[in-house]
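Written below as structure tokens is the structure these notes are about.
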Amino acid sequence: DGGITQSPKYLFRKEGQNVTLSCEQNLNHDAMYWYRQDPGQGLRLIYYSQIVNDFQKGDIAEGYSVSREKKESFPLTVTSAQKNPTAFYLCASSNRQGANSPLHFGNGTRLTVT
Amino acid sequence: EDKVVQSPLSLVVHEGDTVTLNCSYEVTNFRSLLWYKQEKKAPTFLFMLTSSGIEKKSGRLSSILDKKELFSILNITATQTGDSAVYLCAVPDNYGQNFVFGPGTRLSVLP
């Protein structure tokens with residue numbers, strides 16, 4: 001079955017440590033996205049990528065980094081520079097970037113930093 | 001700045017009730033409006049609306065767009081406990097490259 005797989009589901013880290021969240025899709029989608037979701041707020045865009053080896057900052061990119069070495073994979077690293085990293089992180093993809101292609105989401109990773 | 005507002009933010013109803021969720025938006029170059037349902041994990045796609053006045057329907061859910069007044073509504077009739085979820089509304093941003101999401105409406109349907 002085609003879909004988006006995020007791992008792990010839950011992640012616990014100590015403050016000051018970098019952590020990488022995995023996102024893999026087998027939908028052959030070009031565009032991939034990372035969103036952060038906090039209680040009572042909408043999804044906020046961290047980074048997005050339209051094609052392999054290219055990505056752009058979203059609204060809240062500070063303290064995060066990404067790579068897009070393969071079409072299927074778009075890992076997100078939460079660095080120690082991110083001041084408030086505890087959140088629910090959602091990865092999404094679409095078959096082309098833009099208005100006429102709904103996003104397909106993974107099941108998310110809940111990150112807790114203490 | 002592109003913006004999406006949803007109301008109410010939270011709603012509690014009983015099974016069998018009908019609910020109407022609201023989404024209003026401000027975007028310079030409107031292309032479409034999308035509704036998603038998020039239970040515990042991944043938001044799942046419900047509807048994409050591009051034209052005013054044309055109702056989209058799927059079972060007990062329906063949605064309509066008013067491009068003149070810049071809003072959309074999502075109706076759920078004969079609600080069931082399985083409808084309990086956060087309902088998200090989103091529009092593509094001004095450049096059509098990313099989506100701007102509203103804060104969501106948390107619907108709780110009690111038995």
Side-chain angles (χ1 to χ4, degrees), chain A residues 1-10 21 23-25 27 29-51 54-61 87-110, chain B residues 1-11 21-51 56 58 63 65 67 85-107:
Chain A
D1 284 338
I4 302 178
T5 302
Q6 288 187 243
S7 61
K9 287 184 185 177
Y10 300 96
L21 282 58
C23 177
E24 305 275 331
Q25 54 100 358
L27 300 166
H29 284 173
D30 289 316
M32 296 187 75
Y33 308 76
W34 274 105
Y35 289 92
R36 170 181 171 139
Q37 188 174 33
D38 294 283
Q41 296 193 41
L43 277 63
R44 292 185 290 165
L45 183 67
I46 305 172
Y47 268 97
Y48 65 98
S49 167
Q50 300 179 54
I51 55 172
D54 186 55
F55 48 82
Q56 285 80 41
K57 292 182 180 180
D59 300 322
I60 54 165
F88 187 54
Y89 291 88
L90 282 163
C91 179
S93 69
S94 65
N95 63 7
R96 62 183 181 280
Q97 194 175 52
N100 294 318
S101 184
L103 295 171
H104 296 256
F105 286 90
N107 280 331
T109 292
R110 190 167 296 281
Chain B
E1 185 185 334
D2 301 328
K3 193 168 145 185
V4 175
V5 176
Q6 291 186 248
S7 65
L9 293 180
S10 179
L11 186 57
L21 310 184
N22 301 289
C23 174
S24 62
Y25 60 89
E26 291 176 26
V27 63
T28 306
N29 187 10
F30 179 82
R31 292 173 173 81
S32 61
L33 184 144
L34 292 84
W35 283 98
Y36 287 86
K37 176 183 181 182
Q38 184 179 24
E39 294 182 74
K40 291 190 177 169
K41 300 175 182 176
T44 53
F45 173 71
L46 294 174
F47 299 112
M48 183 164 75
L49 304 158
T50 55
S51 301
K56 291 219 171 176
S58 175
S63 184
L65 175 68
K67 285 163 75 171
V86 174
Y87 290 84
L88 298 165
C89 174
V91 296
D93 67 10
N94 183 32
Y95 303 101
Q97 296 195 347
N98 298 300
F99 292 87
V100 180
F101 281 84
T105 293
R106 180 173 295 278
L107 173 66

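Protein chains get the first letters and strands the later ones, always in sequence-line order, with residue 1 at the start of each.
- Of all heavy-atom pairs between A:Leu90 and B:Ala42, the closest is CD2-CA, 4.4 Å.
- Here CZ of B:Phe99 is found 5.5 Å from OH of A:Tyr33. Values are rounded to the nearest 0.5 Å.
- Of the two parts of A:Gln37, only the side chain, counted from C-beta on, holds a non-hydrogen atom closer than 4.5 Å to a non-hydrogen atom of chain B.
- Heavy atoms of other residues, nucleotides or ligands lying less than 6.0 angstrom from CZ of B:Arg106 number 12 at most.
- Only the side chain of B:Gln38 comes within less than 4.5 Å of a heavy atom in chain A; its backbone stays farther off.
- Once rounded to the nearest 0.5 Å, the distance linking NZ of B:Lys41 with CZ of A:Phe88 reads 8.0 Å.
- Only the side chain of B:Leu88 comes within less than 4.5 Å of a heavy atom of chain A; its backbone N, CA, C and O stay farther away.
- Using a 4.5 Å cut-off between heavy atoms, A:Leu45 touches chain B through its side chain atoms alone.
- Here CG of A:Leu43 is found 12.0 Å from CG of B:Asn98. Values are rounded to the nearest 0.5 Å.
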